[in-house]
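The chains referred to below are lettered A, B, ... by the order of the sequence lines, with proteins before strands, and numbering in each begins at 1. Excluded from the calculations below are hydrogen atoms, water molecules and symmetry mates; all remaining heavy atoms, backbone and side chain alike, are included.
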There are 2 protein chains.
Amino acid sequence: MAAKNSGARSKRTRRTSERPPPQEPPLSRERIVTTAVELLDAQGIEGLTMRRLADRLGAGVMSLYWHVDKKEDVFDLALDAVLDYRASPPGNEPQDWRGEAIHMLEDWRASMLRHPWSASLLPRRVLGPNILSRLERLSQILSRAGVADTNLNAAIWSLWNYVMGATITLASFDVSDDDRAAAQQRLTRLSERYPTIERSRLLLDDDWNGAFRKGLGFLLDGLSPK
Amino acid sequence: MAAKNSGARSKRTRRTSERPPPQEPPLSRERIVTTAVELLDAQGIEGLTMRRLADRLGAGVMSLYWHVDKKEDVFDLALDAVLDYRASPPGNEPQDWRGEAIHMLEDWRASMLRHPWSASLLPRRVLGPNILSRLERLSQILSRAGVADTNLNAAIWSLWNYVMGATITLASFDVSDDDRAAAQQRLTRLSERYPTIERSRLLLDDDWNGAFRKGLGFLLDGLSPK
DNA sequence: ACAATAACTCGTACATTGTACGATAAATAT
DNA sequence: ATATTTATCGTACAATGTACGAGTTATTGT
């Protein structure tokens, strides 16, 4: 009957003069977002529920909905929060455009890998300010490098596609590389059917960084103005 | 009280001698899978629920669970069903490896675009027989083309990454290209912040096929043995 | 022929989710 | 003081995946 929580501290009661709220500053969009990122990092995409999020914030579930319209918004905000890019100011070094592009794309990939849930969310939501900034930046780099306006969009999307594919794939694998091992084993059993990829142990290959850089190089080679 | 469904035909009753079950052949994995694909095509990934699926099959929800362990399995099966590849027998034409590779990859992409829900599922489940077949095939093509064993895995994954990134992105966009338009509009309002991608109307570009082919070409150029 | 067993179907029940709807309370404006 | 805005949150509900076990039908063993 009595308190359902064995009454530890019925959440959020504070009349006048008490300890400064144990450690709950008032709810805010920022607090929600950073906590959401923590939760996503810890529990993955399935692990983020409004209830858990509220718990971590020491708040009631429905309080979240004053700051946020739907759960989707939380994802959007968390995603964008993870994608900001601090780099040298936009328009200085006209020299090493290739290096600049590579740096920016690898940093982008690294940011997503640091939060494996983020990669698979991004394609659905290309709209956040931080990701637009990155696209703008890339656009400028290529433009300054001499890529014709007619080819600019194709160039950007090619790079986008490559980075996203690589990152989503790796992030999903990371989530469960025992799956990967299991698959390679199953694959061995079927080696008559898949002799080539069995022999090269495709599913166990792990030089992802190397492979990424190599393919990226090829793309940039092709895209750079002759 | 009486029949909850205004009693059209209380599901699954048939004693002796009746019309051959109106059109419900017995439940089976295959029937479940093809119906799941239909449902996914019609309603998208969120639209597939066990209840809806069972309804479409004229069966009770829990009947599905005799043929399938978890909902995840339905996704896996539907995904693989959509990815099979019928092409010229594996080992004939030693000439046009580039054309062969392009054909296979574009067909793969097209298959996924025909079922926009499929692309985003694939990275999580690289294991189905049909997708393994495709990887095997690609492997053989590249191998026959003279790609050294040391570079084979990197080559395959580069192509995989590119194809997946391109397809996931496009499939997500297709789902909601009004979002895209809205974003471009929002972008116009912010044209001081994102001048370059605003000017090139990046988010409205729609020569996806062209861009895809171009980038793919660059990758193959880079990957082909000198 | 009949009994036993396997193959299959499905209703009920439950825990978990997102969130609509007000009822509060606190801060601020009038 | 009173009214309004800002913020919090409990209750309630509908939708979901699926555990459990009771049914039914088909197959097999004798």
Undergrad: We want to know whether B:Asp80 and B:Asn130 form a side-chain donor-acceptor pair, criterion being a heavy-atom distance below 3.5 angstrom.
TA: yes
Undergrad: Does any residue of residues 64-78 of chain A have a heavy atom under 4.0 Å from DNA chain C, and if so, which ones, in number order?
TA: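 By residue number: A:Tyr65, A:Lys70, A:Lys71.
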Undergrad: Between P on C:dG11 and CG on B:Asp55, what's the gap in Å once rounded to a whole number?
TA: 11 Å
Undergrad: Rounded to whole angstrom units, what separation is found between the CG atom of A:Leu53 and the C1' atom of C:dT19?
TA: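 Spelled out: CG on A:Leu53 to C1' on C:dT19 is 14 Å.
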Undergrad: State whether A:Ser63 places a side-chain N or O below 4.0 Å from either non-bridging phosphate oxygen (OP1 or OP2) of D:dT8.
TA: no
Undergrad: Out of curiosity, B:Asp55 CG to B:Leu53 CG, how far, rounded to the nearest 0.5 Å?
TA: 9.0 Å
Undergrad: Please check if the side chain of B:Arg52 supplies one atom and the backbone of B:Leu39 the other of a donor-acceptor pair under 3.5 Å.
TA: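 Side chain of B:Arg52 to backbone of B:Leu39: no pair is present.
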Undergrad: Between D:dT16, D:dG10, C:dG18, which nucleotide has the shortest distance from any of its atoms to the side chain of A:Met50?
TA: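 Ranking D:dT16, D:dG10, C:dG18 by closest atom to the A:Met50 side chain puts C:dG18 first.
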Undergrad: What I'd like to find out is whether the side chain of B:Trp108 reaches to under 4.5 Å of the side chain of B:Ile131, using heavy atoms alone.
TA: yes
Undergrad: Is the closest side-chain heavy-atom distance between B:Leu170 and B:Pro116 below 4.5 Å?
TA: no
Undergrad: At a heavy-atom distance below 4.0 Å, what parts of residues 40-49 of chain A sit against DNA chain C?
TA: A:Leu48, A:Thr49
Undergrad: So which nucleotide from C:dC21, D:dG17, C:dG18 ends up closest to the side chain of B:Arg51?
TA: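 Nearest to the side chain of B:Arg51 among the choices is D:dG17.
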Undergrad: With A:Arg137 as the cation and A:Tyr85 as the aromatic partner, state whether NZ or CZ is under 6.0 Å from the six-membered ring centre and within 45° of the axis.
TA: no
Undergrad: Taking the side chain as C-beta and beyond, is there a heavy-atom pair between B:Ile156 and B:Ser139 under 4.5 Å?
TA: yes
Undergrad: Quickly work out the B:Met62 CE to C:dC14 P distance and round it to whole Å.
TA: 15 Å
Undergrad: Is the cationic atom of A:Arg125 (NZ for Lys, CZ for Arg) positioned less than 6.0 Å from the six-membered ring centroid of A:Phe75 and within 45 degrees of its normal?
TA: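 Not satisfied by the 6.0 Å and 45° rule.
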Undergrad: From CZ of A:Arg29 over to C1' of D:dT6, roughly how many Å is that when rounded to an integer?
TA: 15 Å
